[in-house]
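First comes the structure, then the notes that go with it.
Numbered from 1 within each chain, the chains take letters A, B, ... in sequence-line order.
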2 protein chains.
Amino acid sequence: MGVTKRFIFTDSINEIANIAKVFAHPARVAILKHISEQEGCICNDLVHEIGLSQATISQHLSVIGDAGLLKGRFEGKKKCYCINLERFEEFQTLLNSFFIKTTANCC
Amino acid sequence: MGVTKRFIFTDSINEIANIAKVFAHPARVAILKHISEQEGCICNDLVHEIGLSQATISQHLSVIGDAGLLKGRFEGKKKCYCINLERFEEFQTLLNSFFIKTTANCC
DNA sequence: TCGTAATATTGCAATATTACGATAAATTGT
DNA sequence: ACAATTTATCGTAATATTGCAATATTACGA
């Protein structure tokens, strides 16, 4: 098979998985790190900075964007990206609410 | 191609990606949620609870375990799993240290 | 030791992801 | 309008992931 059976899980669980998928690739983590350090940045810089092709970077950016983790706007021909902090914090809150329930452990 | 070029990224970035990969599949999120709610649990319960085959659950458990997010021990023939909270918090700290640097945003 | 229960591993088919060259689309300056 | 620059999209090859049946392994009790 090979198809993830999303339909057997709750919405919150699927949402955590979807956002986590963004962080599940080092290129995307590197992109987010770079953007967060710049307060806004340009895609072409990323190509130079990260060391992947322009097409690949653009794809990763759209994955990050689809998950709601970016804000962006065009400034002339260049596109300015920044991190959607609210969304990022939403992800952290979700993670916390799921896994920080038990303080005691059995092992 | 299709190969993730891990070698062009730093260790911290790759580590974030590796741990995030655990959370990037709803079955694994559901497994972690279930375990965290039980303070220890049994794999066979998971098969019944999650709705995937025993082989699949077992595979997911080993992915979670390889990332260091589980502690487990055998209790007779059954295996008792619990969450490695230290490791989970390590992940959260890593995420924070990378992306909560800029409070101001450009967009 | 033998049978049973629980978990792990293997092998495979189906699908998803990653990466990049080529090309298209958008925008600015001339 | 045209060329130059920047980003997006398409096509496709390579690799990774997902899921399960079948089988193996491990541990216990009779």
Q) In chain order, what residues pass the side chain to side chain contact (heavy atoms under 4.5 Å, CB included) check against A/Glu49, with sequence neighbours excluded? A) A/His34
Q: Could you tell me whether B/Arg6 contacts a base, only the sugar-phosphate backbone, or nothing, with contacts defined as non-hydrogen atoms closer than 4.0 Å?
A: nothing
Q | Pair B/Phe23 and B/Phe91, ring centroids less than 6.0 Å apart | A | yes
Q: Take the protein atom CG of A/Leu70 and the nucleotide atom C1' of D/dT7, then report the distance between them rounded to whole Å.
A: 14 Å
(Q) Can you measure B/Leu46 atom CG to D/dC20 atom C1' for me and round it to whole angstrom units? (A) 17 Å
(Q) Rounded to whole Å, how long is the line connecting atom NZ of A/Lys79 with atom P of D/dT6? (A) 15 Å
Q: Can you measure from CG (A/Leu52) to CD1 (A/Ile31) and round to the nearest 0.5 angstrom?
A: 7.5 Å
Q. Taking only residues two or more places apart in sequence, or in another chain, which ones meet B/Glu90 in a side-chain hydrogen bond (donor to acceptor under 3.5 Å, both in side chains)?
A. B/Arg87
Q: Please identify each residue that fulfils side chain to side chain contact (heavy atoms under 4.5 Å, CB included) with B/Ala55, with sequence neighbours left out.
A: B/Ser53
Q) Is the backbone N or O of A/Arg6 less than 3.5 Å from a side-chain atom of A/Asn14, with the two atoms forming a donor-acceptor pair by type? A) yes
Q.
Please report the interatomic distance CD1(B/Ile13) to CG(A/Leu32), rounded to the nearest 0.5 Å.
A. 10.0 Å
Q) Looking at B/Lys21, does any N or O in its side chain come under 4.0 Å of the phosphate oxygens OP1/OP2 on D/dA16? A) no
Q: Can you sort out which residues in residues 48-59 of chain A have a heavy atom within less than 4.0 Å of DNA chain C? Ascending by number, please.
A: A/Leu52, A/Ser53, A/Ala55, A/Thr56, A/Gln59
(Q) Whole angstroms only, please: what is the CG-P distance between B/Asn18 and D/dT17? (A) 10 Å
Q | Distance in angstrom units between A/Asp45 CG and D/dT5 P, rounded | A | 16 Å
Q) Side chains of A/Ile35 and A/Leu70: does their closest heavy-atom pair fall under 4.5 Å? A) yes
**Q.** With sequence neighbours excluded, residues passing ring-ring contact (aromatic ring centres under 6.0 Å, His included) with A/Phe9
**A.** none
Q. Roughly how many Å is it from CD1 in B/Ile31 to C1' in D/dT18, rounded to a whole number?
A. 12 Å
Q. What is the distance from CD1 of B/Ile8 to C1' of C/dA19, rounded to the nearest Å?
A. 11 Å
Q. Could you give the CD1-to-C1' distance, from A/Ile64 to D/dA8, as a whole number of Å?
A. 15 Å
(Q) Requiring both pairing distances under 3.5 angstrom, list the stems that contain DNA chain D and are made of three or more consecutive Watson-Crick or G-U pairs. (A) C:1-30 with D:1-30
Q. Think A/His25 has a side-chain N or O under 4.0 angstrom from the OP1 or OP2 of C/dA19?
A. yes
